Undergrad: 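After the structure tokens below, expect a handful of questions from me.
No hydrogens, no waters, no symmetry mates; every other heavy atom, side chains included, goes into these values. Owing to the predicted nature of the structure, the values given are computational and were not obtained by experimental measurement. In what follows, chains are A, B, ... by sequence order, proteins preceding strands, each numbered from 1.
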Amino acid sequence: MGTGESTTTEAATETESARARATRGLDRVGGRRIALYLVLLALIVLYLSPLWSGFTTSLKTAAGFATTTPITPPLPEYVTTEAWLEAWGRMRFAMVNSLVFVLPATVLSAFLGSLAAYGLTKIDWRGQIAILLLFLIGVFIPYQSVLVPLRQFWTIVDLPSLLAFSSTLAARSDLIALAITHTAYGIPICTILFRGYYLTIDDDIVEAAKLDGASSIRIYRRIILPLSKPMFAVTLIYQFTNIWNDLLFALVLVRTSRNFVATQALNELQGAMVGQYNLQMAGAFIVALPTLIIYVVFGSQFAKGLSGESGG
Amino acid sequence: MIDPLSRTLARTRWLHRRIRARVGRTDGGGSERSRREETERNAKSETEGQSSTDDRRPRPRPDGRETVRAVETDGWLARLRWSAGLQAAIFWVPPFVLMGWFVYGAIGWNFLISLTDWSGLGQPQYETFNLEMYARMLEDRSFVAAARNTVVLLIAFTGAALGIGLLLAILVDQGIRFENTFRTIYLLPMSLSFVVTAIFWAWMYNPETGMINVVLGGLGADALAMNWMSDPRTKLFSIILALTWQFSGYCMIVYLAGLRTIPDAHYEAARVDGASTVRMYWRVILPQLQAATTSAAIVLMVFSLKAFDFIFVMYGDTPGPSADILAVMMFREAFSRTNWAYGSAIAMVLFLLALAVIAPYIYMQYRRGEL
């Protein structure tokens with residue numbers, strides 16, 4: 001959480017990669033160099049092996065994964081996309097449910113985090129640190145310590161009857177509760193991420209706008225928000241991945257099976273399809289697909305969000 | 001976690017010029033200030049080398065609070081500050097109220113519930129409060145087992161992930177080709193849900209056709225092939241191995257950031273002294289990675305306290321005494337057995353453990369003025 005730490009990460013990801021580091025560590029000697037690459041490649045095999053074993057299995061028939069090892073790619077006589085199609089058929093509704101609640105929760109928590117960070121950074125007032133501490137501790141609390149009250153709270157609030165005016169909303173109240181819950185618990189980390197960024201924004205620019213007579217709301221809209229774009233990318237990606245991947249809150253808050261979210265439906269699929277490993281693996285890939293795509297496309301932003309978690 | 005400072009500065013300067021142009025102000029009032037800040041910053045970096053244990057006042061804050069305080073006696077300015085406080089409140093109060101209710105309100109409520117004897121289908125009676133649930137833990141053997149496993153997981157998982165992450169970081173930091181590709185692949189498991197990785201690993205650990213036993217068999221080490229997920233001796237190990245696989249990439253990222261701040265001169269100096277590679281990393285480089293180690297360790301330890309999804313998907317809510325941890329036990333007691341008050345009490349223990357992990361760290365940061 002130190003400011004020194006944040007400059008650290010930035011240096012790592014961008015500026016230095018071009019710099020030759022031949023003097024570092026292992027020698028420039030050819031033999032050692034080859035050994036280094038061999039170790040790195042072996043590690044890649046290790047790191048990808050769970051995904052590889054899942055992927056090959058997802059494309060095999062039942063006879064295929066029972067008689068061939070998970071290392072071997074599906075042989076022509078065993079290859080099938082049936083598992084993927086069936087898993088997709090069973091999971092599609094849950095994927096839609098997940099999208100419906102994850103997107104608003106992601107955007108809201110990022111936006112609220114940016115607001116809070118601005119109020120705690122760019123406007124000078126006493127007691128900032130105390131408030132900041134409360135946000136910071138909020139990043140680290142184990143969610144188990146709020147689960148029982150959370151269930152009580154959403155029982156007392158009783159969203160379905162509050163939303164009775166619209167049968168669609170009432171039927172989807174679990175997802176609304178889930179979105180609000182994830183927004184609330186996402187605020188601390190978003191605030192910390194944005195605060196680390198806002199500390200690096202030159203104060204002069206805000207001062208100049210103040211001299212111009214701009215209100216703080218105007219300053220936020222006209223200066224801070226446009227400058228925040230790169231941090232919004234980092235925060236949105238971090239939050240989307242986190243919320244999409246979560247199971248615990250859904251287990252507690254989603255009661256009707258038609259509102260099951262993707263992770264929950266996958267867990268159910270695994271419980272119901274005992275021994276049908278091809279189906280389980282295909283389902284796992286389907287749930288992983290959105291975050292995998294985001295990771296492949298926005299890898300560096302994802303890494304920044306992660307290191308911000310410890311070093312922002 | 002942020003853009004290169006230079007790029008940000010360039011952008012802000014550009015905007016700055018635009019605003020100045022709009023206000024019609026061309027004098028260098030701001031540049032004088034930034035010069036002052038620069039000297040402050042330099043002074044800070046000079047003192048940075050000193051030990052952090054001595055009782056120093058917090059450094060001048062990056063947002064320049066010290067400079068404002070110097071002229072605070074002026075009543076007009078004090079009023080301005082007060083109104084600034086109000087203006088700031090517009091921004092942080094709404095998110096704070098939402099977060100505060102869900103986090104601190106809920107924890108307080110949870111504590112209250114833990115003092116009742118609430119269980120079953122009814123509603124809690126907030127009439128008599130006692131510590132009965134906490135006393136019950138001490139006599140509960142499954143609590144003792146879960147607490148022991150939690151500590152083992154915390155230590156072994158944190159140590160393994162840090163160690164492997166450091167190794168990955170050092171290997172990736174050798175000025176290799178395709179560095180980005182390697183990094184991306186090592187970090188990839190971090191982007192997956194624990195539900196997904198638990199399903200992959202359950203298949204890896206499958207005793208008959210799972211990858212691990214197949215590979216062990218192929219290497220002629222059949223004796224080592226085990227029923228990893230159901231043998232009580234290897235259950236916790238299986239969990240730690242899979243979680244280490246998932247988190248070591250994260251440690252690599254944190255360590256890489258630390259490594260990149262170490263000047264090349266330190267490597268060269270160690271070379272000139274004739275230190276071996278291992279010795280150089282151990283004696284010269286590792287001590288400079290202390291900040292990275294601490295912050296990564298905090299995140300890993302807090303995670304291991306709340307690790308739930310992975311174990312729940314692998315074992316359900318009853319992993320048995322050799323793999324049960326407090327986070328899973330809390331869920332089981334409260335949501336499967338409707339022992340709400342008991343579950344809440346276990347949750348309080350988890351909360352206090354997390355607080356014990358992060359409090360010293362946050363306090364240290366605060367004392368150094370790095371918050």
Undergrad: For residues B:Met204 and A:Pro50, report the shortest heavy-atom separation together with the two atoms involved.
TA: SD-CA, 3.6 Å

Undergrad: Which heavy atom of A:Ala288 sits nearest a heavy atom of B:Leu192, and at what distance?
TA: CB-CD2, 3.7 Å

Undergrad: What part of A:Leu147 lies closer than 4.5 angstrom to a heavy atom of chain B: side chain, backbone, both or neither?
TA: both

Undergrad: Please report the shortest heavy-atom distance between A:Ile44 and B:Phe182, naming the atom on each side.
TA: CD1-CD2, 3.4 Å

Undergrad: Tell me, do B:Val313 and A:Leu266 make a side-chain contact under 4.5 Å, heavy atoms counted?
TA: no

Undergrad: Under a 4.5 Å heavy-atom cut-off, does chain B meet the side chain of A:Ile156, its backbone, both or neither?
TA: side chain

Undergrad: Does any part of the side chain of A:Val146, heavy atoms only, come nearer than 4.5 Å to the side chain of B:Asn110, both counted from C-beta?
TA: no

Undergrad: As an exercise: rank A:Ile217, A:Val39, A:Thr181, A:Thr68 by heavy-atom pairs under 4.5 Å with chain B and give me the winner.
TA: A:Ile217

Undergrad: Parallel, tilted or perpendicular: which describes the rings of A:Phe153 and B:Phe102, with under 30° parallel and over 60° perpendicular?
TA: perpendicular

Undergrad: Are A:Gln144 and B:Phe308 packed together at the side-chain level, in the sense that at least one heavy-atom pair is separated by less than 4.5 angstrom?
TA: yes

Undergrad: Locate the shortest heavy-atom distance separating A:Ala66 from B:Thr209; write the atom from each residue and the value.
TA: O-CG2, 3.8 Å

Undergrad: Chain B heavy atoms under 4.5 Å from A:Leu43: which part of the residue, side chain, backbone, both or neither?
TA: both

Undergrad: Got A:Gln128 and B:Trp92 here, is their nearest side-chain heavy-atom distance under 4.5 Å?
TA: no

Undergrad: Strictly distance-based, threshold 3.5 Å: is any side-chain N or O of A:Tyr47 a donor or acceptor partner for the main-chain N or O of B:Leu187?
TA: no

Undergrad: Looking only at non-hydrogen atoms, find the nearest pair between A:Leu134 and B:Tyr104 and report the distance.
TA: O-OH, 2.5 Å

Undergrad: In terms of heavy-atom proximity below 4.5 Å to chain A, should B:Met330 be classed as side chain, backbone, both, or neither?
TA: side chain

Undergrad: As a quick check of understanding, evaluate side-chain contact (heavy atoms from CB on, under 4.5 Å) for B:Asn206 and A:Tyr277, giving each step before the final call.
TA: CA-CA 10 Å; B:Asn206 185 293; A:Tyr277 293 108; 3.0 Å; yes

Undergrad: Between atom CD1 of A:Ile137 and atom CD1 of B:Ile358, what is the distance when rounded to the nearest 0.5 Å?
TA: 5.5 Å

Undergrad: Contact part of B:Phe303 toward chain A, heavy-atom cut-off under 4.5 Å: side chain, backbone, both or neither?
TA: neither

Undergrad: Let's test your reading of the structure: which of A:Leu41, A:Ile180, A:Thr69, A:Ile141 forms the most heavy-atom pairs below 4.5 Å with chain B?
TA: A:Ile141

Undergrad: Heavy atoms, side chains only, cut-off 4.5 Å: are B:Ser193 and A:Trp244 in contact?
TA: no

Undergrad: With a 4.5 angstrom heavy-atom cut-off, is it the side chain or the backbone of B:Gln123 that approaches chain A, or both, or neither?
TA: side chain

Undergrad: For chain B, which of A:Ala184, A:Pro226, A:Ala117 has the most heavy-atom pairs under 4.5 Å?
TA: A:Ala184

Undergrad: Between B:Ser344, B:Ser191, B:Ala106, which shows the greatest number of heavy-atom pairs under 4.5 Å with chain A?
TA: B:Ser191

Undergrad: Side chain, backbone, both or neither: which part of A:Gln301 has a non-hydrogen atom closer than 4.5 Å to chain B?
TA: neither

Undergrad: What residue in A:Phe65, A:Tyr118, A:Trp52 has the most heavy-atom pairs under 4.5 Å with chain B?
TA: A:Tyr118

Undergrad: Go through the steps to decide whether A:Thr56 and B:Met211 satisfy the test side-chain contact (heavy atoms from CB on, under 4.5 Å), and finish with yes or no.
TA: CA-CA 11 Å; A:Thr56 57; B:Met211 176 89 103; over 6 Å; no

Undergrad: Show your working on ring pair (Phe, Tyr, Trp, His ring centres under 6.0 Å) between B:Phe200 and A:Phe285 and close with a plain yes or no.
TA: CA-CA 10 Å; B:Phe200 284 157; A:Phe285 270 106; 5.0 Å; yes

Undergrad: Which bit of B:Leu300 comes within less than 4.5 Å of chain A, counting heavy atoms only: side chain, backbone, both or neither?
TA: neither

Undergrad: Please round to the nearest 0.5 Å and tell me the distance separating atom OG1 of A:Thr291 and atom CG of B:Leu188.
TA: 9.0 Å

Undergrad: Taking every heavy-atom pair that is under 4.5 Å apart, which of B:Ile90, B:Leu305, B:Thr184 has the most such pairs with chain A?
TA: B:Thr184

Undergrad: With side-chain contact (heavy atoms from CB on, under 4.5 Å) as the test, would you mind laying out the steps for A:Val252 and B:Phe331 before giving the verdict?
TA: CA-CA 9 Å; A:Val252 172; B:Phe331 185 88; 3.9 Å; yes

Undergrad: If you count heavy-atom pairs within less than 4.5 Å of chain B, which of A:Leu292, A:Leu133, A:Val287, A:Ile131 leads?
TA: A:Ile131

Undergrad: Show, in sequence, the C-alpha distance, side-chain angles and deciding distance for B:Leu350 and A:Ser145, and conclude whether the side-chain contact (heavy atoms from CB on, under 4.5 Å) test is met.
TA: CA-CA 7 Å; B:Leu350 276 173; A:Ser145 56; 5.7 Å; no

Undergrad: Counting C-beta onward and ignoring hydrogens, is there a side-chain heavy-atom pair between A:Ile219 and B:Gln87 closer than 4.5 Å?
TA: no

Undergrad: Using 0.5 Å steps for rounding, measure from the CG atom of A:Leu40 to the OG1 atom of B:Thr181.
TA: 11.5 Å

Undergrad: Between B:Ala327 and chain A, which part of the residue has a heavy atom less than 4.5 Å away: side chain, backbone, both or neither?
TA: both

Undergrad: Is the shortest side-chain heavy-atom distance between B:Val195 and A:Gln270 below 4.5 Å?
TA: no

Undergrad: What part of B:Trp109 gets closer than 4.5 Å to chain A, counting heavy atoms only: side chain, backbone, both or neither?
TA: both

Undergrad: Contact part of B:Leu355 toward chain A, heavy-atom cut-off under 4.5 Å: side chain, backbone, both or neither?
TA: side chain

Undergrad: Look at B:Ala359, B:Ala198, B:Ala347, B:Ser248 and state which one has the largest set of heavy-atom pairs under 4.5 Å with chain A.
TA: B:Ala347

Undergrad: How long is the straight-line distance from CE of B:Met190 back to OG1 of A:Thr241, given to the nearest 0.5 Å?
TA: 10.0 Å

Undergrad: Look at the side chain of B:Asp309 and the backbone N and O of A:Asp246, then say whether any donor-acceptor pair between them is shorter than 3.5 Å.
TA: no

Undergrad: Can you tell me how far apart CG (A:Leu112) and CG (B:Leu98) are? Round to the nearest 0.5 Å.
TA: 6.5 Å

Undergrad: With the side chain counted from C-beta on, respond yes when A:Tyr185 and B:Val103 share a heavy-atom pair under 4.5 Å apart, and no when they do not.
TA: yes

Undergrad: Taking all non-hydrogen atoms of both residues, which atom of B:Ala88 and which atom of A:Gly119 are closest, and how far apart?
TA: CB-O, 3.5 Å

Undergrad: Counting heavy-atom pairs under 4.5 Å with chain B, which one of A:Tyr295, A:Tyr37, A:Phe135 comes out on top?
TA: A:Tyr295

Undergrad: Could you measure the distance from the CD1 atom of B:Ile185 to the CG atom of A:Leu46? Nearest 0.5 Å is fine.
TA: 12.5 Å

Undergrad: List for me each residue that meets ring-ring contact (aromatic ring centres under 6.0 Å, His included) alongside B:Trp340, sequence neighbours excluded, and say none if there are none.
TA: B:Trp118, B:Phe335

